[in-house]
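Starting from 1, each residue takes its place in the sequence as its number.
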Amino acid sequence: MRLLIFLIVLSFSPTNVSDVREIHHLKHLTISSTSSVNPTHRQTAMQFGLPPAETVQGRLLKAFFVTVFLSVLMLPLLRTVGLRAFSMASEAYSSGTHSAAFVTCPNDTVAKDLARGIVEKKLAACVNIVPKITSIYEWQGKIEEDSEVLLMIKTRSTKIPALAEYVRSNHPYEVAEVISLPIDQGNPPYLKWIGDIVPE
């Protein structure tokens with residue numbers, strides 16, 4: 001950004017060294033040369049303090065090239081900003097639309113069977129299987145410690161009741177763990193993908 005501002009100021013500033021030399025040189029040529037320019041026109045321009053025509057043309061040409069150069073530099077930035085704005089507008093997400101649910105399983109076999117059934121029945125878009133977790137809990141008055149497998153399930157919040165019912169019907173535990181947390185925000189394309197996979 002600083003480079004762009006510097007180029008703009010440099011191109012239009014009448015006090016930079018190259019312009020001063022150009023003006024002095026052209027004034028010398030205007031006075032001393034025997035060109036075909038009408039002397040009356042040259043004297044009239046100098047009386048009113050107007051710069052020589054060659055200087056004006058040079059500045060206009062420089063301004064044109066600087067404008068083209070800046071346009072080329074800014075095009076990728078403007079394209080990126082435009083695409084990002086379009087993406088945000090087209091993929092707006094309302095907090096809590098989707099949820100992450102958690103289910104514990106006794107082993108890998110049960111975990112994979114449940115995960116595949118959940119995805120096949122469109123109860124979730126994705127199920128991550130986290131192996132070898134250790135659970136410490138109280139059951140029937142005793143403190144228990146078991147090695148379990150965790151399912152992390154991404155789905156629509158409206159599917160949580162159906163998901164819980166499916167797990168209860170296919171889980172070997174007497175009391176299966178099914179808990180969920182609403183997803184506040186996330187990567188918009190990923191959240192959109194969840195909505196596309198799981199019907200309302």
Side-chain angles (χ1 to χ4, degrees), residues 1-8 69-200:
M1 183 59 69
R2 290 182 180 178
L3 176 61
L4 298 181
I5 295 175
F6 173 76
L7 290 173
I8 294 174
F69 178 69
L70 294 179
S71 299
V72 172
L73 287 180
M74 293 295 292
L75 185 60
L77 176 61
L78 294 175
R79 182 175 181 275
T80 301
V81 172
L83 289 175
R84 182 168 297 181
F86 176 79
S87 176
M88 292 177 64
S90 62
E91 298 173 356
Y93 173 77
S94 178
S95 177
T97 300
H98 303 328
S99 291
F102 301 90
V103 175
T104 52
C105 303
N107 53 57
D108 287 338
T109 301
V110 173
K112 290 180 180 179
D113 288 344
L114 281 175
R116 186 170 297 278
I118 289 169
V119 174
E120 287 177 348
K121 293 183 177 299
K122 298 290 186 179
L123 295 174
C126 175
V127 179
N128 300 118
I129 300 176
V130 183
K132 297 181 181 179
I133 67 168
T134 300
S135 300
I136 299 176
Y137 57 97
E138 181 178 335
W139 178 249
Q140 296 179 348
K142 296 172 59 178
I143 303 300
E144 304 285 352
E145 179 176 333
D146 288 324
S147 177
E148 294 185 298
V149 178
L150 178 66
L151 301 183
M152 187 168 63
I153 306 164
K154 277 81 70 176
T155 187
R156 286 182 179 271
S157 297
T158 55
K159 291 293 185 179
I160 296 300
L163 172 65
E165 178 61 31
Y166 178 83
V167 172
R168 283 195 301 267
S169 301
N170 295 274
H171 203 289
Y173 286 172
E174 182 180 345
V175 179
E177 175 187 352
V178 183
I179 59 175
S180 67
L181 296 172
I183 298 174
D184 181 31
Q185 290 296 329
N187 183 25
Y190 183 81
L191 297 175
K192 182 178 182 299
W193 171 75
I194 294 176
D196 291 341
I197 297 298
V198 182
E200 294 189 30

Residues Lys159 and Leu123: closest non-hydrogen pair is CB-O, 4.0 Å
CD1 of Ile160 to CG of Leu181, rounded to nearest 0.5 Å, is 9.5 Å
Residues pairing under side-chain hydrogen bond (donor to acceptor under 3.5 Å, both in side chains) where one sits in residues 181-190, two or more places apart or in two chains, turn out to be Ser95-Asp184
One should read off an interatomic distance between Met152 CE and Ile129 CD1, to the nearest 0.5 angstrom, of 11.0 Å
The side-chain hydrogen bond (donor to acceptor under 3.5 Å, both in side chains) partners of Thr109 (sequence neighbours excluded) come to none
Taken in chain and number order and not counting sequence neighbours, the residues that satisfy salt bridge (charged side-chain N to carboxylate O under 4.0 Å, His left out) with Glu174 are none
To the nearest 0.5 Å, atom CD1 of Ile153 lies from atom CG of Leu163 at 4.5 Å
Residue set satisfying side-chain hydrogen bond (donor to acceptor under 3.5 Å, both in side chains) with Thr97, at least two apart, ordered chain then number -> none
| said: So Glu144 and Glu138, do their side chains get closer than 4.5 Å, heavy atoms only? | reply: no
Hits for side-chain hydrogen bond (donor to acceptor under 3.5 Å, both in side chains) against Thr158, two or more places apart or cross-chain, chain-then-number order -> none
Q) Just by modelled atom types, is the Ser99 backbone N or O under 3.5 Å from a matching donor or acceptor in the Ser180 side chain? A) no
Shortest non-hydrogen pair, Pro106 vs Pro172, comes out as CG-CG, 3.9 Å
- Query: Can you tell if the side chain of Glu148 reaches within under 4.5 Å of the side chain of Tyr173, non-hydrogen atoms only?
  - Reply: yes
Sorted by chain and residue number, the side-chain contact (heavy atoms from CB on, under 4.5 Å) partners of Ala125 (sequence neighbours excluded) come out as Trp193, Ile194, Ile197, Val198
### Close side-chain approach of Leu191 to Ile183, heavy-atom, < 4.5 Å
yes
Expected list for residues 110-117: side-chain donor-acceptor pairs under 3.5 angstrom, two or more places apart:
none

In short, ring-ring contact (aromatic ring centres under 6.0 Å, His included) pairs touching residues 95-152 with sequence neighbours left out are Tyr93-His98
Ser169 meets the side-chain hydrogen bond (donor to acceptor under 3.5 Å, both in side chains) criterion, sequence neighbours left out, with Glu165
Next item on the list: Would you confirm whether Arg168, through its side chain, and Ala176, through its main-chain N or O, come within 3.5 Å as a donor-acceptor pair?
Entry: no
If we only count heavy atoms from C-beta on, is the Val149 to Val130 side-chain gap below 4.5 Å? no
Q) Any side-chain heavy-atom pair from Glu145 and Ser135 closer than 4.5 angstrom? A) no
Here the salt bridge (charged side-chain N to carboxylate O under 4.0 Å, His left out) pairs for residues 118-135, sequence neighbours left out, are none
Hits for side-chain contact (heavy atoms from CB on, under 4.5 Å) against Glu177, two or more places apart or cross-chain, chain-then-number order -> Thr104, Ile179
ring-ring contact (aromatic ring centres under 6.0 Å, His included) pairs touching residues 106-126, sequence neighbours excluded, are none
